[in-house]
Each structure stands twice: as C-alpha cells, then as structure tokens.
Amino acid sequence: MVNEQNELIKRRFEELEEIKKLGVNPYPHRYDITHKASELIKNFTDPKDETETEARKKDIVSIAGRISAIRRMGKATFCHIKDDTERIQLYLKKDEVGETPYAILKMLDIGDIIGVKGYVFRTKTGEISVHCVALELLTKSVFPLPVVKEEITESGEKIIHDAFADVELRYRQRYIDLIVNENVKGTFLSRTKIIKSIRGTLEKYGFLEVETPTLQSIYGGANARPFVTHHNALDIPLYLRISNELFLKRLIVGGFSRVFEFVKDFRNEGIDRTHNPEFTQVEWYQAYGDYYDSMKLFEEAVEQACIAVHGTTKIKYQDVELDLKAPWKRIKMVDAIKEKTGLDVLSMKKDDIILYMKQNSIEFDTKLSHSKGLVISSLFEALCEEDLVQPAFVIDHPIDTTPLCKPLREYTLAQLGEMKKDPEQVIFVERFEPYINKWEVGNAYTELNDPVLQRKLFEETHPMDDDFIRAIEVGMPPTTGVGMGVDRIVMLLTNSVNIRDVLLFPLMKPLDK
RNA sequence: GGGGAUGUAGCUCAGGGGUAGAGCAACUGCCUUUUAAGCAGUGGGUCGGAGGUUCGAUUCCUCCCAUCCUCACCA
C-alpha cells in the first residue's frame, strides 16, 4: 500500500503548496461547461477554407475532465482529458493560456481535473482537439493513478498498454478502476440499462414498485442462512432479509394485485464466482395468474433487457452463443431426467434411484435419502443442469424442494391425501426455474395459498412466521410470483466471468493490520 | 473448509542463496501541432507478513494473510 512517505505523493503535496503560493485555489467551487467531449468530437466538421478556419476560432467552448495523459513540449503541451463521455485532446500554448496557468500546467499530473476554454480544431496528425485559450485547475489529485497508455493503430484498433489489471486492487479501489479501465464503466452502464428495462417491462403490465423491510425479526422466503444483527433500543435480534417474498405476498393479500421490488438480499454463505453475500433480486407477484403467466413475463423481461443492451437477442457469453429470444423451452424435471438417462423415475422405487446414483458414482447427500422427491431433484441437479445452456424453464419440482408452492392442478384433493401417505409417491408443485448457460437465474411458483398446507410445510422446513400464515388465512387470491437473479442476468448480458465484475463494490476481506 | 496458482518500485512485469532489474510514471534539462511524443541525466524497494535452515534468505522450508482458479457447502 501507498503511505504518505511515498515520494510521488509527497511531491504532489509540495506542488499543491506551490500552486497555492501562486494565488490559485486548487479546489474551486464550480465550473461552467458548455459541452461534453463526445459532442465536440461528433459535431466537428473540417473547415472548408482559411476564412472559415479563422471564423471557427471565435466559437469558444468550455469543457472539463480528468487528465489521462500529458505530453509536454516546452512552451506547448498536449494532454488528454476524459469526461464521462469520452477522452479528448487539448492543445495548450504558453503565450495563449497565460503565464500563471502555464506555470500551473507544468505542475499538473495525470489524475488532476481541469477545465478549459478554447476552440475545436484538427491537429496535423488528424486528431480532433481543443485549442485552449484558458485553463483552470478544478481539483488537484494527490494520489497517483496507474498510468495506462492507449495506442491507436493505423487500422484504428485501440491497444491498451500497462492496463491496471490487479484484480484485488480493482475491486478494492473501484473508483480507480472506473477511471482507468474504460470497459468497466460500460459494464455498469449496461447494468443500469438492464434494470431499467426490467422495470419498464413490469410497469408496462401494471406492476407497482414497492419497498419492504430489509431488517426482519423473522427471516424467510428462501432456504439460506441469514446475517444476524441487533437492535439496541429494542434489545432484540434482527435478521437481514434473505428474501422479500413473504412481504410481497402480504401486499397481494392487502389488495395490490401486481407488485414488484428490486432488493438486496443477504445470505450468509460461501463466496464464489457466482455468489456474493449481498446480491440483487427482483421479485414480482401477480394476483389471479399462474406460473405459466410468470414464464411468459420472465422470458419477455430478459429478452427485452438483452435487446436494450445489445439490440438483438443473440449474444455471446465467453465462447457460448446464446439466443434469449422468447419463447423459451419448457421441460418438466422428470422429463429432463428421462431425456438424459432414459430413466422413468416416477415408476422407479426410491431405493432403486439411489442405487442407480451409487452405481454411476453420482454425488449424493445421503441426508436427503428419506425423500424420493429430494432424491429426484438431486439426480436432476447432478446430471441435467450441465445441459441447460440455451434458455429453458425447468418446471414441476417435487414438493419437498419448497414450502411455498402450490401442488399441480391435476391432483384431486382425494389423490393428494392418498399420495401423502405413500413414500413412493411424489407430489409435484407448480414451480419453475429458468436456466441460462447452466445457471439458475430465477425461481418462480404458482404460490401456495392454502393456509393449512402452508402451516404444515413451514413446520417441516421453514422458520414459522405466524403473521404470514395469518395473512394467508385472511385469504390470498390465486397468485404467481417470481424471483430473478439480477446479477447473473447482468453477468450474462455483459459477458462477465465473475459476479464481482457486475457489483460496483463487491465484498472483500478487510485488510486490517 | 480441501486442492492448485499468484504476491518483487506508483502501474505492468523479469530475476534469483552473496547489499535488487526493465518499461512506463516521477524529478532535472532541451523542445510552440505531439500522441504508447522524443533526447540526455537523476532519484525511487522492509522482494505480502512472521518464524526456521544457513556464515549469509528476497530466493530454500514451515506457518499466517490476501487475491485468482477449482471442488465442497450454498439457490
């Protein structure tokens, strides 16, 4: 790490003092800008003749940005500045900007923020630039940035030299990463576009954006370990939400028919390429709809988000070509298993499925062996996920996989009663999981609204939430709900390999000494 | 948590049991259309941290820390 002893930093603090001695405030309050760099470059046309060239000199523009490169040539200086659009070259001559500004210019460094006034012209070597007549220091930078050089070849190709590439430093000092690595900003612009597009799709269908608690005294709605915190005044433990599902359903009970919320969820589990302890989901709930409605909306939301970023539904993720065009394939979990293995797990005994897995050395958690449904879903995960590259909805999971989903509509009440008694029978529920590039990118149900069954399933596998049960007892209309993993969608649409590349500030271990 | 890799100047990297190297950046000088500007010169390091082996460790060994990859856990 850099400390204040660092020679480069010490030098910059000295320069700061010299600038002050010249009577210049290195941190002024504001600056008037007339243009962005991209506008100046886009709007420039070459003058026809000498008279026009002269006339152009009266069109004074004003622009500000951070110095990204500087080339001093004695009494003239070229530098590049970057604003939030692009980089543009500045040409500064001592006899035009004045003595004091030029003295300051001599002390400027890469990273300093300046404002200039001048006219746009094209240099001998062809680069559109600003010929400056005034220079003002807007912010002195005292912490040196990595020096990244851009070379533009004759073919117009851009080569980056000495890129700031240390992954750890990039995440820990994201502000530097954003300044210096151009594509990083692009990823986060895309992220914003994607979220905006998804929001637009939901609003188009009349969904209302709402906010529910992050701090919850009972956590639920997903199967995950929570972060625990403490409220001092009330002296009670509180949990950071692992999901907002149970609150959004309360709102459906309350009479909102379509709601959605983008939320940070917090799950106290391992960190890897696709998992960060806090991550973003969008969940939406639609009264009077079922999971077929949700599938349609899900595929449309992703398709539209893709178009918003790429203008097409065809993308390339790493080496894989993906087409996100709706409609996506739908496949029942048991059919996926049959396609892959030829096994009809419904007619097989539970122990025979387990035997099959052992014989084929398929990893299996024996803690799950009490439930035929969990055995089937383990088999699916072990064998079938790897084939789910193009977008697909896997539908109809065993009931043991979730306590919040309604059994298939084809079962009669009498049948359900019988099936529950027989451990070789598996009840399936109206659930779907969308897969893209082998990743689960969401989870959705025809929501369970039978309060008796809901209470029973909570007793078996979920922290009891009496208030939620009461809401279901008050009566929730037939409803479908969806959770979409926003970070993974962003990863796919920005060709990012690690979830940290799509989070501005991913969790890093602190570097305390 | 297991396995593998990495950690050397502000940045990108090379090196290797005997007082540390390059390019860029910095500093001094020259240079008023340069562009990875150029030319000449100068400075800059607890070689991730702590122990150990050794006459001597940045190099070899052990442990620790951080990051990446991978497996496991986990939606």
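Lettering of chains follows the sequences in order, A, B, ..., and the numbering in each one begins at 1.
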If you check the [X] side chain, which of [options] turns out closest?
X	options	result
Val147(A)	A25(B), U35(B), U67(B)	A25(B)
Arg172(A)	U33(B), A66(B), C24(B)	A66(B)
Asp272(A)	C73(B), U67(B), U32(B)	C73(B)
Arg273(A)	A26(B), U70(B), U35(B)	U70(B)
Met508(A)	U32(B), U67(B), A25(B)	U67(B)
Arg500(A)	U67(B), G44(B), U35(B)	U67(B)

Return whichever of Ile110(A) or Arg87(A) has its heavy-atom-nearest nucleotide of RNA chain B closer to the 5' end.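 Its nucleotide being nearer the 5' end, the pick is Ile110(A).
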Where each residue is assigned the nucleotide of RNA chain B containing its nearest heavy atom, which of Met107(A) and Leu145(A) is assigned the position nearer the 5′ end?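 Comparing both residues, the 5'-ward one is Leu145(A).
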Between [X] and [Y], is there a side-chain N and carboxylate O pair less than 4.0 Å apart?
X	Y	value
Asp83(A)	Arg66(A)	no
Arg11(A)	Asp109(A)	no
Lys158(A)	Glu150(A)	yes

Considering every strand and a 4.0 Å limit on heavy-atom distances, what is the contact class for [X]: base, sugar-phosphate, or nothing?
X	value
Lys93(A)	base
Ala222(A)	nothing
Phe164(A)	sugar-phosphate
Ala69(A)	nothing
Glu151(A)	base
Glu381(A)	base
Arg170(A)	nothing
Arg11(A)	sugar-phosphate
Asn498(A)	sugar-phosphate
Arg72(A)	base

Send over the distance from [X] [atom1] to [N] [atom2], rounded to a whole Å.
X	N	atom1	atom2	answer
Lys75(A)	U33(B)	NZ	P	11 Å
Ile499(A)	C68(B)	CD1	P	13 Å
Met73(A)	C30(B)	CE	C1'	12 Å
Glu168(A)	G7(B)	CD	P	13 Å
Glu157(A)	U35(B)	CD	P	20 Å
Phe364(A)	A72(B)	CZ	P	15 Å
Ile159(A)	U35(B)	CD1	P	16 Å
Glu15(A)	G10(B)	CD	C1'	14 Å

Contact check, side chains of Met484(A) and Val441(A), non-hydrogen atoms, under 4.5 Å: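 Side-chain contact under 4.5 Å: no.
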Look only at the side chain of Arg431(A) and the backbone of Asp396(A), and say whether a donor-acceptor pair between them is shorter than 3.5 Å.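 Looks like no, no N/O pair under 3.5 Å.
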Among Glu433(A), Glu430(A), Lys332(A), which residue meets the side chain to side chain contact (heavy atoms under 4.5 Å, CB included) test with His397(A)?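 Of all the options given, the one that passes is Glu433(A).
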What distance, rounded to whole Å, do you find between the two [atom1] atoms, one in [N] and one in [M]?
N	M	atom1	value
C64(B)	C13(B)	P	28 Å
G45(B)	A26(B)	C1'	15 Å
A50(B)	C11(B)	C1'	28 Å
G17(B)	A72(B)	P	40 Å
G23(B)	A5(B)	C1'	26 Å
G15(B)	C27(B)	P	31 Å
C47(B)	U6(B)	C1'	14 Å
A40(B)	C24(B)	P	11 Å

Distance-only donor-acceptor test (3.5 Å): side chain [X], base [N]:
X	N	result
Thr123(A)	U35(B)	yes
Asp166(A)	U67(B)	no
Glu150(A)	U35(B)	no

Around atom CD of Glu99(A), are there more than 12 heavy atoms from other residues, nucleotides or ligands closer than 6.0 Å?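 Counting other residues, nucleotides and ligands, CD of Glu99(A) stays at 12 neighbours or fewer.
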Examine Tyr317(A) together with Trp439(A) and report whether their ring centres are nearer than 6.0 Å.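 Yes, the ring centres sit under 6.0 Å apart.
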Which residues share a side-chain contact (heavy atoms from CB on, under 4.5 Å) with His462(A), sequence neighbours left out: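 Checked His462(A) against side-chain contact (heavy atoms from CB on, under 4.5 Å); matches are Leu246(A), Pro403(A), Phe458(A).
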Side chain to side chain donor-acceptor pair (under 3.5 Å) involving Thr187(A) - partner list, sequence neighbours excluded: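 With neighbours one apart ignored, the set is empty.
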N or O in side chain of Lys149(A) less than 4.0 angstrom from A37(B) OP1/OP2: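 Yes.
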Treat a base pair as Watson-Crick or G-U wobble with both distances under 3.5 Å, then lay out RNA chain B in dot-bracket form, 5' to 3', with | for cross-strand pairs. (((((((..((((....[..)))).(((((.......))))).....(((((..]....))))))))))))....
